[in-house]
Amino acid sequence: MTSIHDPAPYGPVPTERQLRWHALEYYGFLHFTVNTFTDLEWGYGDESPSVFDPTQFDAERIVSVAASGGMAGLILTCKHHDGFCLWPSEHTDHSVRTSPWRSGGGDVVRAISEACASRGLEFGVYLSPWDRNHRAYGSGEYLRYYRNQLEELLTRYGPVFEVWFDGANGGDGYYGGARETRRIDPRTYYEWQTTWDLVRSLQPDACMFSDVGPDIRWVGNEKGIAGDPCWHTTDVGDEAPGSADSARLNGGVRSGARWLPAECDVSIRPGWFYHESEDGAVRTPENLFDLYLRSVGRGASLLLNLPPDRRGLIHENDARSLDEFGKRLRSVFARNVAADARIEASNVRGDHPRFDVGNLVDGHGETFWSTDDGLSEAEIVVHLPETSRFNIVEMREHLPLGQRVERYVVETEDRSGRREYASGSAIGNRRLIRGEERTGGRVRLKLLGLPAAPALSGFGLYYDPA
Ligand code: FUL
């Protein structure tokens with residue numbers, strides 16, 4: 001035995017709060033507001049609160065749909081671009097308090113946050129920076145209003161895991177009756193650093209999302225698809241929310257100076273809000289599984305939107321599809337056939353049990369397989385029992401030491417010979433690759449062009465019968 005020290009970190013590494021966020025992998029979005037009742041995607045800001053009147057709003061039922069779909073948390077649009085507040089804010093009358101719903105006594109934010117807490121789901125908030133209702137939008141007064149609202153959301157509703165800062169700024173709106181176009185400079189107007197500092201002081205564990213972080217970056221599209229590869233690292237120049245480079249957001253930058261992993265936001269329907277006309281256009285469980293592979297399976301997280309309908313419930317079509325998707329996730333990933341196999345490694349760091357290949361299949365992210373320093377290649381060989389089938393390969397890196405693997409090749413070897421199964425760059429939090437079905441034989445994972453000793457915490461082989 002030589003070294004029992006962990007390899008030195010390579011490149012930027014995640015913060016503790018980013019690590020906790022990586023572990024969630026998949027959670028939901030709830031887009032709900034006056035738009036649900038006016039059939040719009042972007043309300044102008046002149047909607048009367050009287051339109052907001054869900055007939056059967058039931059936070060427990062909404063949260064239980066999310067939980068059965070496998071979601072680890074929910075982010076609620078507490079205020080969308082139209083400015084209507086789903087909680088009784090002290091800073092405006094444009095809220096549930098002046099709506100007919102529960103005679104003005106309701107609070108959607110409280111109901112959803114409490115239902116999440118009781119089901120063990122994380123709760124997050126979306127507060128649109130653009131506000132087409134507020135008369136002072138565009139001035140410093142509005143920024144004070146925005147931060148006051150954020151303060152309400154971050155002090156009244158328990159722990160928040162994520163704060164979502166949207167980059168949309170369309171220009172025209174009601175603005176307290178002015179009905180005009182207001183342009184702001186997204187780089188300077190919002191004074192983001194002050195707002196980020198406020199969030200840090202009120203909810204130090206919350207991750208903040210925007211086109212430029214500071215904790216999580218947008219993936220650059222609303223289709224739910226991360227780049228291949230999608231690096232956790234990137235560079236941020238003088239971009240601001242609403243003005244970042246989509247291609248760079250989508251793939252990240254391998255040599256980037258910041259750990260700023262991607263989140264894939266996408267809706268289960270064409271729109272973000274509920275429209276009866278889209279009841280027939282709900283994503284199928286198969287489509288959702290495919291999205292999962294292209295988001296979570298590329299190291300990003302999946303933020304899947306479920307729009308409550310006019311009753312204040314998740315429509316049956318969405319609930320059914322999500323439930324089947326959740327069942328499929330649970331059944332596919334229930335059994336890692338690599339865990340039944342003998343696994344050999346080309347090298348084990350210091351020949352020490354702490355870095356043993358068994359760590360790859362123990363289901364723990366904290367333990368990992370590593371090699372001695374200075375090797376440019378390393379491999380493991382998994383000897384599968386004859387009857388073990390798989391068509392999905394999974395790899396995970398031990399993130400506290402950075403994103404280390406440059407390139408991987410997966411090969412299979414059986415009676416028909418040795419064949420490449422998959423190859424690519426970037427592993428990160430989790431890499432999933434669906435391929436052809438294989439039974440028995442050997443599976444070889446080769447790591448090539450290593451810039452530092454690898455630290456892999458997981459290797460899995462799963463079978464999806466669908
Ligand atoms: C966008 C918004 O304009 C959409 O309405 C939606 O909220 C989506 C998640 O973000 O920028």
Side-chain angles (χ1 to χ4, degrees), residues 26-45 47 52 66 71 73-86 108-109 112 123-134 137 146 149-150 153 161-174 181-184 186-187 189-190 192 207-213 216-226 239-246 249-250 262-275 278 281 283 291 295 300-309 314 318:
Y26 154 51
Y27 39 88
F29 225 164
L30 295 175
H31 272 67
F32 189 42
T33 187
V34 287
N35 295 345
T36 313
F37 301 88
T38 56
D39 216 11
L40 292 177
E41 278 291 306
W42 279 10
Y44 189 71
E47 296 76 16
F52 187 84
M71 294 175 167
L74 280 173
I75 299 176
L76 173 66
T77 55
C78 302
K79 179 189 86 169
H80 202 250
H81 310 328
D82 54 78
F84 180 77
C85 300
L86 295 186
V108 180
V109 181
I112 296 288
F123 174 69
V125 300
Y126 167 117
L127 183 70
S128 172
W130 182 30
D131 189 321
R132 304 173 93 188
N133 172 263
H134 203 272
Y137 180 77
Y146 183 76
Q149 293 204 313
L150 206 47
L153 292 173
F161 84 103
E162 182 169 328
V163 182
W164 218 89
F165 293 119
D166 199 310
N169 278 294
D172 65 323
Y174 173 70
T181 297
R182 291 188 184 169
R183 302 248 169 253
I184 53 93
R187 284 166 217 264
Y189 172 56
Y190 293 107
W192 280 114
C207 276
M208 287 180 262
F209 163 97
S210 83
D211 288 5
V212 296
I216 309 163
R217 73 174 196 263
W218 185 41
V219 77
N221 64 58
E222 290 183 340
K223 297 190 207 119
I225 300 176
E239 292 110 312
S243 75
D245 169 346
S246 310
L249 289 167
N250 197 240
E263 177 185 86
C264 302
D265 61 318
V266 61
S267 186
I268 196 165
R269 290 166 169 244
W272 292 100
F273 289 92
Y274 176 80
H275 308 288
E278 295 178 354
R283 289 177 186 274
L291 273 183
S295 52
S301 71
L302 172 60
L303 171 56
L304 178 64
N305 181 59
L306 305 173
D309 62 16
I314 304 300
D318 309 47

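When a residue number appears, it is its place in the shown sequence, counting from 1. Just follow the structure's listing: the first ligand is 1, and inside any ligand the first atom is 1. Computed over heavy atoms, backbone and side chain alike; hydrogens, waters and symmetry mates excluded.
By the ring-ring contact (aromatic ring centres under 6.0 Å, His included) test, Tyr146 pairs with no residue at all, sequence neighbours left out. Partners of Phe161 under the ring-ring contact (aromatic ring centres under 6.0 Å, His included) rule, at least two apart in sequence or in another chain, are Tyr27.
With no hydrogens or angles considered, no side-chain donor-acceptor pair links Tyr274 and His31 at under 3.5 Å. No donor-acceptor contact under 3.5 angstrom links the side chains of Asp82 and Tyr44, judged on distance only.
Among residues at least two apart or in separate chains, there is no salt bridge (charged side-chain N to carboxylate O under 4.0 Å, His left out) pair with a member in residues 33-44.
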One pair per line, please: each N/O atom of ligand 1 matched with every protein N/O atom under 3.5 Å away, atom names first, then the distance to 0.1 Å.
from: ligand 1; atom 1: 3 (O); to: Trp42; atom 2: NE1; distance (Å): 3.0
from: ligand 1; atom 1: 3 (O); to: His81; atom 2: NE2; distance (Å): 2.8
from: ligand 1; atom 1: 5 (O); to: Trp42; atom 2: NE1; distance (Å): 3.2
from: ligand 1; atom 1: 5 (O); to: His80; atom 2: NE2; distance (Å): 2.9
from: ligand 1; atom 1: 7 (O); to: His31; atom 2: NE2; distance (Å): 2.7
from: ligand 1; atom 1: 7 (O); to: His80; atom 2: NE2; distance (Å): 2.9
from: ligand 1; atom 1: 7 (O); to: Tyr126; atom 2: OH; distance (Å): 3.3
from: ligand 1; atom 1: 10 (O); to: Asp166; atom 2: OD2; distance (Å): 2.9
from: ligand 1; atom 1: 10 (O); to: Glu222; atom 2: OE2; distance (Å): 3.4
from: ligand 1; atom 1: 11 (O); to: Asp166; atom 2: OD1; distance (Å): 2.7
from: ligand 1; atom 1: 11 (O); to: Asp166; atom 2: OD2; distance (Å): 3.0

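Phe165 pairs with exactly one of Trp218, Phe209, Trp192 by the ring-ring contact (aromatic ring centres under 6.0 Å, His included) rule, that one being Trp192.
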